[in-house]
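The next block holds one structure in the form of structure tokens; read it before the comments.
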Amino acid sequence: MKDQERLIVALDVDSLEEAKKIARRLQPHVGAFKIGMQLFTAHGPQVVKEIQQLGCRVFVDLKYHDIPNTVAQAGRVLTRLETFMFNVHAAGGREMMRQTVEAVHEEADRHGLVPPIVLAVTVLTSISDQQWKDEVGGRRGIPGQVVHWARMAQEAGLDGVVASPQEIGAIRKACGDRFVIVTPGVRPAGADLNDQQRVMTPGQAVKAGASYLVVGRPIMKASDPVRASIEIVDEIRAGLRNN
Ligand code: C5P
């Protein structure tokens, strides 16, 4: 994979025009764009199609958590939309994940399409240890639960997980080299942390074993987003070279 393919830019805006404008500029320099709840809620599948028409791959980040049939059917729709990747909550259960992957592959075969990469979301990084115990009722510690769910996702046939930088090592060890790890919470050396707490630089994240990096504000809010993207890809390249 080319170094720049590892960079996924989070299009966290709600204007379709703004999303297209930034995608058009960044497309030659990055691997894909992430469309999350904000943009998808505002514009639906149309925004996915319009970004794809610019020649870009799209990660649909809607974190499905519902009964197996419902998520599997949504997975079929995303397959027909030629989504590059999408995600479901591991907390939705093994059977939900299994049926979703099965449906995605069946749908892709039927239409002669490439199946999307299906990822599991494990424990949201916004959940503290205290909340995990008191509100969610988690009995294992968060790191143990993350690895447990990553293994479960792999057994259910998913391609990988979305994980914070500090979880990459344990997941790589548990799930092997071919498992896809998509990592947000990445900040170039010297960048503003915003609300992200435990961050890694792009170089550190790929060295730790991340397959793809999701970066939002350090690119979207940069005075020169193209330059910011190129610099991140340079950091990725340097990180991989020193591996
Ligand atoms: O702007 P920033 O680089 O922090 O954006 C990161 C993107 O990754 C956002 O779209 C955010 O919703 C997403 N994300 C995250 N942390 C997670 C999961 C997803 O920041 N644990």
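Just so you know, ligand 1 is whichever comes first in the structure, and atom 1 is the first atom listed for that ligand. Note that this is a predicted model, so its numbers are computed, not measured.
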Using heavy atoms and a threshold below 4.0 Å, how should the contact between Arg187 and ligand 1 be classified: side chain, backbone, both, or neither?
side chain

With a 4.0 Å heavy-atom cut-off (strictly under), which part of Ser126 contacts ligand 1: side chain, backbone, both or neither?
neither

Criterion side-chain contact (heavy atoms from CB on, under 4.5 Å) on Leu240 and Arg6, from CA distance to verdict:
CA-CA 11 Å; Leu240 289 172; Arg6 296 180 185 273; 3.5 Å; yes

Mark yes when over 12 heavy atoms from residues, nucleotides or ligands other than Arg227 sit less than 6.0 Å from its CZ; otherwise mark no.
no

Please check if the number of heavy atoms outside Asp177 that lie under 6.0 Å from its CG is greater than 12.
no

I'd like to know whether Leu39 forms a side-chain contact (heavy atoms from CB on, under 4.5 Å) with Asp12, so could you lay out the CA-CA distance, the side-chain angles of the two residues, the decisive distance to 0.1 Å, and finally the verdict.
CA-CA 7 Å; Leu39 191 55; Asp12 292 332; over 6 Å; no

What protein heavy atom sits nearest [atom], and how far away is it?
atom	answer
atom 7 (C) of ligand 1	Val214 CG1, 3.9 Å
atom 11 (C) of ligand 1	Lys34 NZ, 4.3 Å
atom 19 (C) of ligand 1	Pro184 CG, 3.8 Å
atom 6 (C) of ligand 1	Gln196 NE2, 4.0 Å
atom 21 (N) of ligand 1	Thr125 OG1, 2.6 Å

Closest non-hydrogen atoms of Glu107 and Arg80, given as atom of the first, atom of the second and distance, are OE2-NH1, 2.8 Å

Has [X] got any heavy atom lying under 4.0 angstrom from an atom of ligand 1?
X	result
Gly36	no
Val162	no
Asp12	yes
Leu124	no
Met220	no

Check: [X] N/O within less than 3.5 Å of ligand 1 N/O:
X	value
Gly216	yes
Asp61	no
Asp195	no

Taking atom types as modelled, is there a side-chain donor on Gln166 or Ser164 under 3.5 Å from an acceptor on the other?
yes

If we only count heavy atoms from C-beta on, is the Val71 to Ile67 side-chain gap below 4.5 Å?
no

Is any side-chain heavy atom of Ile35 closer than 4.5 Å to one of Val48?
yes

Between Glu235 and Thr201, is a side-chain contact (heavy atoms from CB on, under 4.5 Å) present by the stated rule, with each step listed?
CA-CA 8 Å; Glu235 285 194 46; Thr201 66; 3.8 Å; yes

With heavy atoms of [X] as the reference, note each atom of ligand 1 found under 4.0 Å away.
X	value
Val215	3 (O)
Pro218	3 (O)
Arg217	1 (O), 2 (P), 3 (O), 4 (O)

Please say which of Leu7, Ile8, Val226 ends up in a side-chain contact (heavy atoms from CB on, under 4.5 Å) with Val30.
Leu7

Name of the residue among His43, Lys49, Glu50 meeting side-chain hydrogen bond (donor to acceptor under 3.5 Å, both in side chains) with Gln46:
Glu50

